[in-house]
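One structure follows; several queries about it will come next.
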Amino acid sequence: MADWKLKQMQGQDCIFVRAFVPFAASLLIKAWKESDNRSDLDVLLGGLAALNDEIAWFKQEAAKWGVLLSEIVPQKTNEEYCRFLESLMSPEVEYTVAITAYWAIEAVYQESFAHCLEDGSKTPPELLETCQRWGNPGFGQYCSALRNIVNRRLERASDDQLKEGLDDVLKKAEVVFLRVLEYEVDFWNMSRGDSL
């Protein structure tokens, strides 16, 4: 992978993470208001703290590569994904819907980087540290905790649907999940250079 492409990828990732932080913070508020399990707050707060470390890591990497993060221009794909995150911060978006998106984003990230660590993956040496950072088992456990929250929330929404004849939250969660997957494909394609 060319150095410029790696720099671009990390720069675009940093822009995304900066937009992801307020989204994660909005989830804390939604969880506080809507969650039936207060341990959700602990999981989300741990994730928010990790995002601070992630931004510090991006700054350190940028300095190592001689990149000024303030000069990285967001690509169209990234701008659209960030606008999507912002739309999920609206008070009208239910916690179940927003946490589904959050988990999907984190899980795709973790699974993608974990795949790069598998035998025979042919990961370029300059990406190994990045892959180890987000493909590690600890991040995988965090994603599993998020998946457990999502499963519990969807199960509750399903029960509510049966009791009250509502299916709106389940449909919204499915739509958001599929949109995240579309944005992730576009983002990874952008990282490969398809839309740089």
Side-chain angles (χ1 to χ4, degrees), residues 9-32 34-35 37-58 61 77-78 80-90 93-118 121 123 127 129-155 157 169 172-191:
M9 181 180 80
Q10 289 183 336
Q12 294 301 316
D13 260 351
C14 186
I15 290 167
F16 180 80
V17 169
R18 288 177 189 241
F20 193 67
V21 169
F23 171 56
S26 77
L27 273 174
L28 281 172
I29 295 167
K30 290 177 190 294
W32 178 73
E34 299 179 43
S35 180
N37 188 329
R38 291 297 171 201
S39 69
D40 291 8
L41 292 172
D42 295 333
V43 172
L44 293 170
L45 192 56
L48 197 54
L51 289 173
N52 185 53
D53 292 340
E54 194 167 324
I55 289 173
W57 182 82
F58 277 119
E61 287 297 297
T77 298
N78 204 356
E80 290 172 359
Y81 203 175
C82 291
R83 275 194 297 274
F84 172 69
L85 291 181
E86 190 172 347
S87 75
L88 295 173
M89 292 187 261
S90 166
V93 176
E94 296 90 345
Y95 173 54
T96 301
V97 174
I99 191 69
T100 299
Y102 185 82
W103 160 73
I105 292 165
E106 293 286 58
V108 167
Y109 212 68
Q110 196 279 328
E111 290 285 330
S112 299
F113 282 108
H115 176 70
C116 293
L117 295 173
E118 293 173 357
S121 67
T123 300
L127 281 180
E129 180 184 349
T130 302
C131 294
Q132 290 164 347
R133 181 169 185 82
W134 290 294
N136 69 70
F139 188 42
Q141 290 170 351
Y142 171 69
C143 291
S144 291
L146 291 173
R147 183 186 63 232
N148 291 339
I149 293 170
V150 170
N151 287 342
R152 190 184 74 249
R153 296 297 302 175
L154 292 174
E155 197 172 297
V169 172
K172 289 178 188 176
E174 181 180 9
V175 167
V176 162
F177 176 77
L178 293 173
R179 288 218 31 221
V180 166
L181 295 181
E182 290 170 1
Y183 280 120
E184 285 293 327
V185 167
D186 290 346
F187 198 92
W188 283 94
N189 285 339
M190 175 191 67
S191 296

Please list, one pair per line, the donor and acceptor atoms closer than 3.5 Å that link side chains of residues 93-102 to other protein atoms, with sequence neighbours excluded.
| from | atom 1 | to | atom 2 | distance (Å) |
| --- | --- | --- | --- | --- |
| E94 | OE2 | K172 | NZ | 3.1 |
| Y95 | OH | D40 | OD2 | 2.8 |
| T96 | OG1 | R153 | NE | 3.1 |
| T96 | OG1 | R153 | NH2 | 3.3 |
| T100 | OG1 | T96 | O | 2.7 |
| Y102 | OH | Y142 | OH | 2.7 |

### Task
Report yes if the side chains of S35 and R152 come closer than 4.5 Å at any heavy-atom pair, otherwise no.
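Yes. Closest side-chain heavy atoms under 4.5 Å.
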### Query
Taking all non-hydrogen atoms of both residues, which atom of A31 and which atom of R38 are closest, and how far apart?
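Nearest heavy atoms, A31 then R38: O-NH1, 3.4 Å.
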### Query
Which value, rounded to the nearest 0.5 Å, describes the distance between S39 atom OG and L44 atom CG?
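That separation rounds to 9.5 Å.
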### Task
Starting at CG of L51, measure out to CZ of F20 and round the result to the nearest 0.5 Å.
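Between atom CG of L51 and atom CZ of F20 there are 6.0 Å.
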### Message
For the CZ atom of F16 and the CD atom of E54, what is their distance to the nearest 0.5 Å?
### Response
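The CZ atom of F16 sits 9.5 Å away from the CD atom of E54.
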### Query
Is the distance between the ring centroids of F187 and Y183 under 6.0 Å?
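Centroid separation for F187 and Y183: 6.0 Å or greater.
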Identify each donor-acceptor pair in which a side-chain atom of residues 81-90 lies under 3.5 Å from a protein atom, sequence neighbours left out, and give them as a table.
| from | atom 1 | to | atom 2 | distance (Å) |
| --- | --- | --- | --- | --- |
| Y81 | OH | E184 | OE2 | 2.6 |
| S87 | OG | F84 | O | 2.6 |
| S90 | OG | E92 | N | 3.2 |
| S90 | OG | E92 | OE1 | 2.3 |

### Task
Only pairs at least two apart or in different chains count here, so list each side chain to side chain donor-acceptor pair (under 3.5 Å) that has a residue in residues 17-32.
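Sorted pair list comes back empty.
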### Query
Do you know the tightest heavy-atom contact between L48 and A25?
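Closest heavy-atom pair between L48 and A25: CD1-N, 4.1 Å.
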### Task
Count the heavy atoms of every other residue, nucleotide or ligand shown that sit under 6.0 Å from CD of E34, and state whether that count exceeds 12.
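Yes, enclosed.
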### Query
Would you call I149 and W103 a side-chain contact if the rule is heavy atoms closer than 4.5 Å?
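Side chain of I149 against side chain of W103, heavy atoms only: no contact under 4.5 Å found.
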### Query
Which pair of heavy atoms, one from W188 and one from S112, lies closest together, and at what distance?
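Minimum heavy-atom separation between W188 and S112: CZ2-CB, 3.5 Å.
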### Query
Mind checking whether Q10 and W57 have side chains closer than 4.5 Å, heavy atoms only?
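Sidechains of W57 and Q10: in contact.
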### Task
Determine the minimum heavy-atom distance between L28 and L45, stating which atoms define it.
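Closest approach of L28 to L45: CD2-N, 3.8 Å.
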### Message
How long is the straight-line distance from CD of E80 back to CD of E182, given to the nearest 0.5 Å?
### Response
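Here the rounded value is 11.5 Å.
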### Spacing of N78 atom CG and Q12 atom CD [to the nearest 0.5 Å]
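The CD atom of Q12 is 4.5 Å from CG of N78, to the nearest 0.5 Å.
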### Query
Just wondering, do I55 and V21 contact through their side chains at under 4.5 Å, heavy atoms?
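They are in side-chain contact.
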